[in-house]
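Just so you know, residue 1 is the first one in the sequence shown, and it goes up from there.
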Amino acid sequence: MVMMKATWVSVFALAAVLLVVLLPAAESVTCSPMQLSPCAAAITSSSPPSALCCARLKEQKPCLCGYMRNPSLRRFVSTPNARKVSNHCRLAIPRC
């Protein structure tokens with residue numbers, strides 16, 4: 001019985017270590033709509049987004065729902081052009 005408990009404790013300890021090692025650490029993102037300024041031309045016109053725009057859009061992905069809920073920003077991030085930009089950058093629009 002003691003041996004069985006020791007085995008289970010070892011298994012759980014190993015599982016905990018694997019979770020910590022294998023799961024990537026969540027990076028902290030500062031939500032700032034100004035980080036998306038390289039995307040302004042692509043969102044407000046039909047020009048394609050730049051590589052910098054796509055990189056910033058991917059960095060700000062955790063913030064997009066907040067931007068969509070903000071009445072001042074919604075008109076920019078919920079437009080057909082914004083969808084084209086996210087498609088071009090291969091970034092799925094989150095369901096909020």
[X] and [Y]: which non-hydrogen atoms are nearest, and at how many Å?
{"X": "Leu73", "Y": "Pro33", "answer": "CD1-CG, 3.7 Å"}
{"X": "Met68", "Y": "Pro94", "answer": "CE-CD, 4.3 Å"}
{"X": "Lys61", "Y": "Ala92", "answer": "CE-O, 3.8 Å"}

Output side-chain donor-acceptor pairs under 3.5 Å for residues 36-48, partner residues at least two apart or in another chain, one line each.
residue : atom : partner : partner atom : Å
Ser37   : OG   : Met34   : O            : 3.1
Thr44   : OG1  : Ala40   : O            : 2.7
Ser45   : OG   : Ala41   : O            : 2.5
Ser45   : OG   : Ser47   : N            : 3.2
Ser45   : OG   : Ser47   : OG           : 3.1
Ser47   : OG   : Ala41   : O            : 3.4

Cystine candidate Cys89-Cys53, SG separation under 2.5 Å: no

Main-chain N/O of Tyr67 paired with Arg74 side-chain donor or acceptor, under 3.5 Å: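 A pair under 3.5 Å: no.
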
Side-chain donor or acceptor of Gln60 paired with backbone N/O of Ser32 under 3.5 Å: yes

Nearest-0.5 Å distance that lies between atom CD in Gln35 and atom CG in Leu52: 9.0 Å

CD1-SG distance between Ile93 and Cys65, expressed to the nearest 0.5 angstrom: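 So the gap between those two atoms works out to 10.5 Å.
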
Test log, rule side chain to side chain contact (heavy atoms under 4.5 Å, CB included), inputs Val85 and Leu91: CA-CA 9 Å; Val85 169; Leu91 181 74; over 6 Å; no

